[in-house]
Each structure stands twice: as C-alpha cells, then as structure tokens.
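What you see below is based on every heavy atom in this structure, not just the backbone, and it leaves out hydrogens, waters and symmetry mates. Proteins get letters first, then strands, A, B, ... in listed order; numbering begins at 1 in each.
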2 protein chains.
Amino acid sequence: MNSEAIGKQTIKFNCPPAIISSASIVGEMEGQGPLAPYFDQIETDPTFAKESWELGESEMQRRAVQTAISKAGIPKEDIRYLFGGDLLGQLMSSTFGIKDFEFPFFGLYGACSTCGEALSLAAMTVAAGYAKNVVATTSSHYASAEKQFRYPLEYGNQRPLCSTWTVTGSGAFIVSSTSSEQPLSNYPHIVAITTGKIVDYGVRDNMNMGACMAPAAADVIYQCLDDLDLKPSAFDKIITGDLGKIGSEILIKILLDNGYDISKQHMDCGVEIYDDEKQDTHSGGSGCGCCAVTLAGYILHNMANHTWKRILFVPTGALLSTVSYNEGQTIPGIAHGIIIEQN
Amino acid sequence: MNSEAIGKQTIKFNCPPAIISSASIVGEMEGQGPLAPYFDQIETDPTFAKESWELGESEMQRRAVQTAISKAGIPKEDIRYLFGGDLLGQLMSSTFGIKDFEFPFFGLYGACSTCGEALSLAAMTVAAGYAKNVVATTSSHYASAEKQFRYPLEYGNQRPLCSTWTVTGSGAFIVSSTSSEQPLSNYPHIVAITTGKIVDYGVRDNMNMGACMAPAAADVIYQCLDDLDLKPSAFDKIITGDLGKIGSEILIKILLDNGYDISKQHMDCGVEIYDDEKQDTHSGGSGCGCCAVTLAGYILHNMANHTWKRILFVPTGALLSTVSYNEGQTIPGIAHGIIIEQN
C-alpha cells in the first residue's frame, strides 16, 4: 500500500521513514543555556576557526552533517541526497558547508521553517523509494543573521522585549526508508507531514518575529488536526520552532478562537533554548538552527527515553527579506508540521 | 512497479509525470528577441504596474502561475503543492507572488538551476502519489537582480563580453501524475531526473557566470548519461539553462575531455533568447526565468509539434551570494537534469 494524501495538506506514510541519527552543533551562548547537556558539540569560537562568521556557519553545518553521518554508522556513499538551507542570502552557509560532501543537493528556503521543509521532503523522498538514506540539515548564526537582517553588532542597538535571539546552531538528521522487513523499530519515525501555506496577517515589525509567524503556525496545526481528525491531546507535545514567548501566546489564542486548546501540549524551542533571566534573550531563541538543534538534542532524547511517544513538530518561519522589509512590505509567515512517533 | 533509483544520481519514473500546461510571462527585452512568438505575455512595463521592480517580479510570477492554471483548465483546488523560487534574497518574489494562491509551499533555492530543482521535486511528488497536480515556478528580473548582485542600474557600469543579461521572465508548469489508466499521452512527460551536486572549480568572477556553472552542467550531464548508459545521440537536444556563449564552449570542452561529444545536440536557452547583434546582450541571457520561459515557450512548442521527441533539459545555477562574493569566496555551480519525452 502506498502513502496517502489526506485532507488538504497532509501525507501519511505507509512505511514511516526513520530518523536513524541526528547531530547538533551550537555556539557558546547556547552552550550556557538549559539544553546544553543535549548538544553534540559546543563551540566557543564564533567563527569556528574560519575567517568570517558566514564561513563559521558553513563549518558548523559541515560538522553537523559529518557528525550525523558518523553517528549513523553508515558510509557517506550510502546517502543519496541532501536537503538543506539556511537564512543567509543565496544559502551561502549550506553551499560552502556541504559542497565537499558531493551529495546531490536540493537547496531549500523557508526561513526558520526550513528544518520542517527539509524533513518533509526527506521523508517524502525515502518513503517513495527514491533513496535509502538522505540528510536534512539547517543552520543559523547570531552574528551572520543580525548583520544581514538587522544592525551591525558593533552598533550595539537596543533590542525590544518582543525580539528573539538568533540561535548559533546547526542540526542534521539522517532520514532512512523502512519496510515491513526492516521497520527500524528502535528509532523515531516520521509518520505524517502537513505542509504549510504562506500566511500574511500584515505584521511589519522585524523585531517581533513571533507575531509574524504565529498565524502560519496556527494555520498548519489547525490543518494537521483537521486533516487527520485528531485532537491536541493526541500528542504528548506540540512543539513550535521559534515563536518565543510573545508568538506562543498569540498562537494559543488563535487556535483557541478556532476551537482547539493546545495550551497543555504546547512547547516552543525558542522558549526552551535560553534562560532569559540569566541570558537576557528577551522573547526567546530563533533562527533555522533553533528548532533543528532542539529536535536533534533535547526532543529526540525525550523520545528515545519514552518521555514523549508522539509529537507534532512545527518549525516556524518569518519570510523576512531585507529588500521587502526596506521597501515597506509585510512579513508573511510559513510553518510545516511533522508528526514524529517513537515505539 | 515503483519508480527506480538508478546509478548514483538518477531516478527513472515508472509512470512519468506529465507537464499538462505551461506559461511564460516576459519583459520588453525578451519580447524583442527571437523567441517572442512563443511567450504567453510580453509586458513592456518593467514594474508590471507595481511600486518596485521586486513587486513587479512577484506580479510576473503570479501571472505565470495563474496562466498555467487557466491553460490547464483545472480548478485551483485541484493543485496540492507549489514548488518555487527566485534569485532575490529570501525568495521575496515567490513569497509575495504566490501567497494569495494559498498553496502548501516548498520554497527552493538553486540559483538559476531552481527551475530544474522545482520540476524534479514536482515530478518526484506526483510520481509517488502524494498529489495529482502540483505547480513548479521560477522567476528572475533584470533590474532586481542587477541591483542585488552587481551595480545599481543608474550607475551605468560597463559589462564585459563574457557577462550575461538576466532575463525578465517567469515560467510556470503544472505537473500531473499519470497511470496506465490515465497516461495523458498527448502531453510531454518527465521520464527521469538526475540531481546535481555543488561543483566548485574556483571561479571568482561574478561577471562570468557561464564559467562558474559549466563544470556543474558537465558533471550532471556526464552522470545522467553514465547512470542511464546513454550516448548524447539518445537525445534530440541537450539544453542547458543559461551558460551563454562562453559557458557553452567550456561545457562542450569538459565533456569532450571526459569522452562525450555533445556538440551536435547542445543548445543553451541563454544563447537562444536574445539576438546579441541587435540586442547587445554579450554572452547571452541568464537568470531563474531564462530557461523557465524558454522551456514553457519555445522548447515545449517544439516538442508538441514533434520537432524534438526526447530532450535532456539542464537548468544551470551559479551559487553567487553577495556576501560570499564580497568576502572573496569562489562561485560554485549546480545543475539538474530533467529528461522530457513527447510521444
């Protein structure tokens, strides 16, 4: 039996792809936060011993992919595709980070939702039999992102309380096909995905990414529950990417207005990754790397030890372009849902 | 029988997806070129009646998608996903161009190879049964691209003879699943794809994109022929995206050095789209829109009238980031191969 397109935006996989390994590489700030014990590497040099922040981010992504491959214990030649992206213009970090692996490459951009886009396409690819193993990876870097999207760090601008702190981190995942003969039962599985639409509520504040993304997160969570005829309680956790404190409040309110109360299940990677009181990060963490390293580290750890058996993972992205923002346009959002189960 | 992963980088589709409609929207310059009769719309206003070049590019992409849907004669609701991208930072043109369609969206970036990436993922998605119809679209705009990657147009810089002219154009395609019961025999079919790797020969000249991309095009064409055990003569045409005159020469030479003579079959969309003698475009056309509008217009026209029955379409991309370029990095290339057949 084939995988099934369900409802408007969901695919349920007949042989759910397994995440056979994951890796998380982070910077110093993340290594001082509450999730530190779960990361594979904490690097205190912000350039990762390279000549710029951007090349440092590439190096971080290279290390994440290399670590995920090593942990999977499979030769590089057994990996057929890489799905990846980052926040920088023209996916600079991915280009220079992964080129030496020589994997056939699908470059992706969904802002901070890219981790969800990469895992979705990775799962679709292996579930269809196009590949046995593929890599999904994303990264972000505080310094390279601030430089591109906001102010030079040297300027020392004030950050409003609704702002989030771009995570310096890269997560990588090896997604593998399964079959009834080889169910890979010990691993977490991607059982379904719900692909999000661009949602634009007209927010124009590039210091309040949470407000830009919350409507898109609400939209895709609503559609996932509707397509699969599930209630929020069907999940141990519903985990958004980087809405932060402000965005999380908006998300819960929008969904409540639409008949779903997710307040008991909801968790946000951006809220978890820093200790605001000690680290002064305001609304939380953000960036392509935020939910990727939280999934690779903390979340999959809690699935491996059976704390959570079924989660809805929802990376959230604000489609902020420096050009569109400077030309006075809105900041639309997008988010993608991934249902992960652990036996 | 399922589709088959063949060799190192190729997928052969058991039920090859059909391109049931295509649309091409171009600017004034393209409308004065030799391919003018094949385009759906030629717009003389460079902002497409919007307030900036960038929003004009969005409008062009919106029109391409709308026209492709209208030509297909199917309701918008029958389309399940959109795969798309452009050259601007953070896919600004796609974001604002397609958001009002409310399609679940996979944002892609492969520079000018994005059309190949979009068609590949579109074909993989429908062939796996995840959707019946999906859209693949890309766009580029001379003014928005020059502004972002090179000099302000007002500066009036000199262009070296190896430079190419970014095409103002957007192409869109409706890719649909087929089956033995519904083979859609009258349409062109995507029978196989070969996904490219990032290839870096160390070129650093942002005025010579052809040289940056030719090694990647050679790499993926070589791999396609090798994976499928074919000779260049198996194709009526091998059509690269936007290598231009200089890049095409390099491509043919690299492949000749590796045992394949494609000089009889090779054609380049960038060389075809302008009349250099009259239009002073130097090495040819380039951009995400170049091969997209040439495929949607001229190439599929020549397949529909049976001039060509089997082509290898190879969109080519130079992974040029303004940041990486200004930091002195190389410009790696990537290209993706799509085999299209018409009964």
Side-chain angles (χ1 to χ4, degrees), chain A residues 2-5 8-9 11 51-52 54-55 80-81 85 87-92 95-96 98-111 114 117 120-121 124-125 127-132 144 147-148 194-200 317 319-324 327 329 332 334 336, chain B residues 2-5 8-9 11 51-52 54-55 80-81 85 87-92 95-96 98-111 114 117 120-121 124-125 127-132 144 147-148 194-200 317 319-324 327 329 332 334 336:
Chain A
N2 285 324
S3 299
E4 213 181 333
K8 287 190 183 165
Q9 296 168 223
I11 297 169
E51 60 201 83
S52 68
E54 289 81 9
L55 289 181
R80 202 171 168 94
Y81 298 107
L87 294 175
L88 295 185
Q90 289 73 47
L91 305 190
M92 176 186 167
T95 297
F96 291 96
I98 60 98
K99 73 184 165 78
D100 291 339
F101 289 109
E102 299 193 335
F103 293 131
F105 175 54
F106 290 104
L108 310 178
Y109 185 77
T114 305
E117 185 183 354
S120 297
L121 288 167
M124 287 162 69
T125 297
Y130 299 137
K132 182 148 178 43
S144 64
K147 174 178 153 189
Q148 174 170 272
T194 304
T195 303
K197 303 176 295 196
I198 299 173
V199 178
D200 186 0
L319 296 165
L320 167 68
S321 152
T322 50
V323 178
S324 61
E327 289 181 353
Q329 300 307 311
I334 190 164
H336 301 296
Chain B
N2 285 324
S3 298
E4 213 181 332
K8 288 191 183 164
Q9 295 167 225
I11 298 169
E51 59 199 84
S52 68
E54 290 80 10
L55 289 181
R80 202 172 168 92
Y81 298 107
L87 294 175
L88 295 185
Q90 288 73 46
L91 305 191
M92 174 184 169
T95 298
F96 291 96
I98 60 98
K99 73 184 165 76
D100 291 338
F101 288 108
E102 298 192 336
F103 293 131
F105 174 54
F106 290 104
L108 311 178
Y109 186 79
T114 305
E117 185 182 354
S120 297
L121 289 167
M124 288 162 69
T125 298
Y130 299 138
K132 182 148 177 45
S144 64
K147 175 180 154 188
Q148 175 170 272
T194 305
T195 303
K197 304 176 296 196
I198 299 173
V199 178
D200 187 1
L319 296 165
L320 167 67
S321 152
T322 50
V323 179
S324 61
E327 289 182 353
Q329 298 308 313
I334 189 164
H336 301 296

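Atom CD1 of Ile198(B) and atom CG of Leu319(B) lie 5.5 Å apart (nearest 0.5 Å). For the atom pair OG of Ser321(B) and OH of Tyr109(B), the computed distance is 8.0 Å after rounding to the nearest 0.5 Å.
With a threshold of 4.5 angstrom between heavy atoms, Phe101(A) does not approach chain B through any atom at all. With a threshold of 4.5 angstrom between heavy atoms, Ser120(A) approaches chain B through side-chain atoms but not through N, CA, C or O. Heavy atoms of Leu108(A) lying under 4.5 Å from chain B belong to its backbone as well as its side chain.
Top candidate by heavy-atom pairs under 4.5 Å with chain A, chosen from Glu51(B), Lys197(B), Lys147(B), Gln148(B), is Lys197(B). Each of His336(A), Gln90(A), Glu54(A) has some count of heavy-atom pairs under 4.5 Å with chain B, and the biggest count is that of Gln90(A). When the candidates Pro332(A), Gly129(A), Gly85(A) are compared by the number of heavy-atom contacts under 4.5 Å with chain B, Pro332(A) comes out ahead. Ranked by non-hydrogen atom pairs under 4.5 Å with chain B, the options Glu117(A), Lys132(A), Glu102(A) are led by Glu117(A). When each of Thr125(A), Thr194(A), Leu121(A) is checked for heavy-atom pairs under 4.5 Å with chain B, Leu121(A) comes out on top. The residue among Tyr130(B), Phe105(B), Phe96(B) with the most heavy atom pairs within less than 4.5 Å of chain A is Tyr130(B).
Annotation: side chain of Phe106(A) is in contact with side chain of Tyr81(A) (closest heavy-atom distance under 4.5 Å). Residues Ile11(B) and Met124(B) form a side-chain contact, since some pair of their non-hydrogen atoms from C-beta on lies under 4.5 Å apart. Contact of the Thr322(B) side chain with the Met92(A) side chain is not registered, since no non-hydrogen atoms from C-beta on lie closer than 4.5 Å.
Looking at every heavy atom in both residues, Thr195(A) comes nearest to Gln9(A) through O-NE2, 2.8 Å.
Side-chain contact, Ser52(A) with Glu327(B): a donor N or O sits under 3.5 Å from an acceptor N or O.
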